[in-house]
Amino acid sequence: MTMRRILTVDNAADLAVLKQVSKPVETVDDGVRALMDDMLETMYAAPGIGLAAVQIGELTRVVVMDLGDGAPDPEAEAKEGEDEPARVPNPRFFVNPEVLWASEETLPYEEGCLSIPEYFDSVERPARARVRYLDREGRMVEEEIDGLYAVCFQHELDHLNGVLFIDHLSRLKRDRAMAKVKKAARMAA
């Protein structure tokens, strides 16, 4: 596994890639699984809960996710200031994901993005969805999802379609987000 650089919106070349539509995967093979392993390592190191391949410069319809909802880790103790011990990793893999149906009911959620560092804002998305994708082994999966799982799935699917979560915000908020990220990048340099 190799950790990859995450593209960010403060870099014009990165932004141009992030705004592109990703291509479907023809076959889930060892190359795609290696990409998913790299993505997972990169996501955990960031740290984040979801990552689309385009965010590491790969224009392919692949997403990895770990919502931190695995079983409690019996080997780990709670960190200082936390009530519960760490959880066992619960990685999820999605190839050619799609939404088949989405509820009219929406769920506002405070979203962030590894490609838009340190910026968070509320986005309303369908609260439930029926989705289809290929898993890590290339098997077709169809399931109904809700809550954080639905929010994250839709957020990552947007990436594959060249859409960032800030594109769902007003122009004023979007401009403010871009200015904040660019200022933080300048100060870090």
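Quantities reported herein were computed from a predicted structural model and do not represent experimental measurements.
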Checklist entry - Within the side chain of Glu124, is there an N or O that forms a donor-acceptor pair under 3.5 Å with the backbone of Tyr109? => result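 Answer holds: no.
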Item to check | Polar side-chain atom of Asn96 near backbone of Val25 as donor-acceptor pair, under 3.5 Å | outcome: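 Yes; judged by distance alone, with no hydrogens or angles, the pair exists.
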Item to check | All pairs passing ring-ring contact (aromatic ring centres under 6.0 Å, His included) where residues 131-154 contributes a residue, at least two apart | outcome: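 Listed by first then second residue: Phe94-Tyr133, Phe94-Phe153.
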Item to check | Nearest-0.5 Å distance that lies between atom SG in Cys113 and atom CZ in Phe120 | outcome: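 The CZ atom of Phe120 is 10.0 Å from SG of Cys113, to the nearest 0.5 Å.
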Checklist entry - Between atom CG of Leu148 and atom CE of Met65, what is the distance when rounded to the nearest 0.5 Å? => result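 So the gap between those two atoms works out to 8.5 Å.
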Would you mind checking if [Y] and [X] are paired as a salt bridge, meaning a charged N to carboxylate O distance below 4.0 Å?
{"X": "Asp146", "Y": "Arg130", "value": "no"}
{"X": "Arg125", "Y": "Glu111", "value": "yes"}
{"X": "Arg128", "Y": "Glu144", "value": "yes"}
{"X": "Asp14", "Y": "Arg5", "value": "yes"}
{"X": "Glu58", "Y": "Arg4", "value": "yes"}

Item to check | Heavy-atom side-chain proximity of Leu169 to Val123 below 4.5 angstrom | outcome: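 In short, these two side chains touch, coming nearer than 4.5 Å.
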Next on the checklist: Does any part of the side chain of Glu156, heavy atoms only, come nearer than 4.5 Å to the side chain of Cys152, both counted from C-beta?
Outcome noted: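 Answer yes - side chains close enough.
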Checklist entry - Would Asp121 and His168 count as having a side-chain donor-acceptor pair, cut-off 3.5 Å? => result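 No - no donor-acceptor pair under 3.5 Å links their side chains.
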Checklist entry - Can you find a side-chain donor-acceptor pair between Thr27 and Asp29 that sits under 3.5 Å? => result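 Thr27 vs Asp29: no donor-acceptor pair found between side chains.
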Checklist entry - Shortest non-hydrogen contact from Glu41 to Thr2? => result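 What the structure gives for the nearest pair is OE1-N, 3.5 Å.
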Item to check | Residue pair Ala127 / Ser103: nearest heavy atoms and the distance that separates them | outcome: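 Minimum heavy-atom separation between Ala127 and Ser103: N-OG, 3.3 Å.
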Checklist entry - Would the number of heavy atoms belonging to other residues, nucleotides or ligands and lying under 6.0 Å from NZ of Lys19 be above 12? => result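 Yes - once you tally the heavy atoms of other residues, nucleotides and ligands closer than 6.0 Å, there are more than 12.
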Next on the checklist: Let's go through Ser122 and Glu110 carefully: what are the C-alpha distance in whole Å and the side-chain angles of both, what is the deciding distance for side chain to side chain donor-acceptor pair (under 3.5 Å) to 0.1 Å, and is it a yes or a no?
Outcome noted: CA-CA 4 Å; Ser122 183; Glu110 186 88 359; 5.0 Å; no
